[in-house]
Engineer: 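One structure, as structure tokens, below. Some questions next.
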Amino acid sequence: VTMEKANTSFPSYNELDDYLTRRNSNFVLLLVATITSCGWIIYLTYYNSRNIGLILTLIINRLYKNGYIHIGSFSFSVLSGKVMFRDVSFINEDMSIRIQDGLLIFRWWKMYNPKQKQHDPKAETRLYVTVNGFEFHVYNRTDLYSRLQEIFGLEPTLIPPHRDEEKEREQRDKSLESVHIKAETQDPSSSWRSLIPVIKVNISTGRVAFGNHHLPQTLCMNFDDAFLTYATKPPSSHLDQFMHIVKGSLENVRVMLVPSPRYLGLQNDEPPRLMGEGFVVMQSNDVDIYYYQDEPGNHCDWALRSAVLPTYFLSH
């Protein structure tokens with residue numbers, strides 16, 4: 001008896017139509033509302049992130065003129081503090097950066113202590129970044145060549161100087177008259193590093209290349225996984241603000257010289273032998289990285305800024 005009541009409890013089409021008619025509604029509106037809801041759910045699931053990426057691409061390229069930025073898809077979740085992106089690329093006259101997909105997690109629910117040390121490498125990680133399919137290619141140094149032309153008084157032949165660079169040059173010339181080197185303020189709450197003292201980055205399948213089609217060989221470094229940690233500490237000199245520190249490890253690293261595509265010149269000095277894609281210069285299962293660089297003071301002249309050289313250390 002119970003099963004029969006359960007089977008006959010589902011209303012028929014006429015009963016459902018009468019029920020909707022008594023409440024000033026009809027079956028057509030219910031069907032339209034259901035189809036609209038299903039369509040909206042499908043749009044949010046498959047197309048919303050792509051449309052947001054297209055809108056961000058148009059807005060960023062309208063505001064930023066020194067390169068091209070492309071974002072395939074972009075989505076975020078406020079509750080989990082997660083930002084997801086796919087098919088991201090940045091291209092200018094000197095380099096290109098491409099990311100297949102990745103995510104960024106900002107742990108906003110962690111307690112913020114403004115009195116904690118600003119340069120504490122052992123502080124709690126609040127920002128976590130994961131990237132898949134990372135590619136970084138440097139194929140020119142037009143900024144450096146333009147600076148050399150300016151130093152030696154040559155006519156600029158590479159890229160015409162931007163208006164922003166001209167303004168910076170004027171401000172720099174004014175600051176040369178009265179150089180005042182000022183270190184970073186000691187107030188911990190005055191910098192973003194008090195909020196995000198440590199950043200952890202995990203990269204899966206990365207590639208770094210140096211070269212262009214004017215060179216017969218391109219230097220490439222491939223690795224499978226990279227686990228990096230970024231932090232800051234007090235500078236080695238009182239004239240600087242702070243020191244950048246990147247520590248981490250890489251797995252299955254291979255440095256090679258590969259033939260440059262579209263190279264039409266003559267290759268006089270060929271590598272002694274080719275293994276796979278190119279000539280292997282170095283290969284290791286594990287590589288430890290320690291990179292540090294000082295950040296110049298707020299009012300240092302360009303000579304002091306150019307004197308700061310990055311240093312790195314590789315082992316294993």
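Note that the coordinates shown come from a computational prediction; the quantities given were computed from them, not determined experimentally.
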Engineer: Please name all residues satisfying side chain to side chain contact (heavy atoms under 4.5 Å, CB included) with His214, sequence neighbours left out, ordered by chain then number.
Structural biologist: Asn212
Engineer: Among side-chain atoms of Ser80 and Ser77, is any donor-acceptor pair under 3.5 angstrom?
Structural biologist: yes
Engineer: Rounded to the nearest 0.5 Å, how far apart are CE of Met95 and CZ of Phe90?
Structural biologist: 5.0 Å
Engineer: What's the spacing between Tyr290 OH and Ser249 OG if we round to 0.5 Å?
Structural biologist: 15.5 Å
Engineer: Do Thr229 and Val198 make a side-chain contact, defined as non-hydrogen atoms from C-beta onward lying under 4.5 Å apart?
Structural biologist: yes
Engineer: Does a side chain donor of either His244 or Tyr230 reach within less than 3.5 Å of an acceptor in the other side chain?
Structural biologist: yes
Engineer: Looking at Asp294 and Pro235, what are the two nearest heavy atoms and their distance?
Structural biologist: OD1-CA, 4.3 Å
Engineer: Take Arg254 and Val280 through the side chain to side chain contact (heavy atoms under 4.5 Å, CB included) test and state the conclusion after the steps.
Structural biologist: CA-CA 7 Å; Arg254 186 170 58 172; Val280 178; 4.1 Å; yes
Engineer: Going by atom types alone, do Thr142 and Asp94 pair a side-chain donor with an acceptor below 3.5 Å?
Structural biologist: yes
Engineer: Within the 4.5 Å heavy-atom criterion, are Met243 and Thr232 side-chain neighbours or not?
Structural biologist: no
Engineer: Check for me, please, whether Leu79 and Trp109 land in the same ILVMFWY cluster - side-chain distances under 4.5 Å, paths through other members count.
Structural biologist: no
Engineer: Between Ile69 and Tyr64, is there a side-chain heavy-atom distance shorter than 4.5 Å?
Structural biologist: yes
Engineer: Measuring from Leu148:CG to Ser146:OG, what's the distance to the nearest 0.5 Å?
Structural biologist: 9.0 Å
Engineer: Please report the shortest heavy-atom distance between Val258 and Cys220, naming the atom on each side.
Structural biologist: CG2-SG, 3.6 Å
Engineer: Heavy atoms, side chains only, cut-off 4.5 Å: are Leu127 and Leu104 in contact?
Structural biologist: yes
Engineer: Drop me the distance from Gln100's CD to Arg98's CZ, to the nearest 0.5 angstrom.
Structural biologist: 13.0 Å
Engineer: Under 3.5 Å, is there a donor-acceptor pair between the Asn222 and Arg207 side chains?
Structural biologist: yes
Engineer: Quick one, Leu58 and Arg62 - any side-chain contact, counting heavy atoms below 4.5 Å?
Structural biologist: no
Engineer: Check the pair Arg126 / Phe106 against side chain to side chain contact (heavy atoms under 4.5 Å, CB included), numbers first and verdict last.
Structural biologist: CA-CA 6 Å; Arg126 188 172 281 108; Phe106 178 71; 3.7 Å; yes
Engineer: For Met84 and Leu103, which heavy atoms make the closest approach, and how far apart are they?
Structural biologist: CG-CB, 4.0 Å
Engineer: Are any non-hydrogen side-chain atoms of Asp87 and His70 less than 4.5 angstrom apart?
Structural biologist: yes
Engineer: Quick one: pull up CG in Asn140 and CG in Asn92 and give me the separation to the nearest 0.5 Å.
Structural biologist: 9.5 Å
Engineer: Could you list the residues that satisfy side chain to side chain contact (heavy atoms under 4.5 Å, CB included) with Arg50, not counting sequence neighbours?
Structural biologist: Ser73
Engineer: Can you tell me how far the CG atom of Leu228 sits from the CG atom of Asn202, to the nearest 0.5 Å?
Structural biologist: 8.0 Å
Engineer: So, for Phe85 and Ile99, which heavy atoms are closest and what is the spacing to 0.1 Å?
Structural biologist: CE1-CG2, 4.0 Å
Engineer: Between Asn48 and Ser75, does any side-chain donor sit less than 3.5 Å from a side-chain acceptor?
Structural biologist: no
Engineer: Closest approach of Ala226 and Leu250, non-hydrogen atoms and distance?
Structural biologist: CB-CG, 4.1 Å
Engineer: Return the set of residues passing side chain to side chain contact (heavy atoms under 4.5 Å, CB included) with Asn51 (not counting sequence neighbours), or none when no residue passes.
Structural biologist: Tyr43, Tyr47
Engineer: Might you point out which heavy atoms bring Phe210 and His137 nearest each other, and give the distance in Å?
Structural biologist: N-CD2, 4.2 Å
Engineer: Okay, side chain of Thr57, backbone of Ile71: is any donor-acceptor separation there less than 3.5 Å?
Structural biologist: yes
Engineer: Assess whether side chain to side chain contact (heavy atoms under 4.5 Å, CB included) is satisfied between Thr205 and Asn132, documenting all intermediate values.
Structural biologist: CA-CA 6 Å; Thr205 311; Asn132 297 322; over 6 Å; no
Engineer: Looking at side-chain heavy atoms only, is the closest gap between Val281 and Leu257 below 4.5 Å?
Structural biologist: yes
Engineer: Using the rule given for side chain to side chain contact (heavy atoms under 4.5 Å, CB included), can you reason through Val201 versus Tyr128, listing the C-alpha separation, both sets of side-chain angles and the distance that settles it, and then say yes or no?
Structural biologist: CA-CA 6 Å; Val201 180; Tyr128 179 82; over 6 Å; no
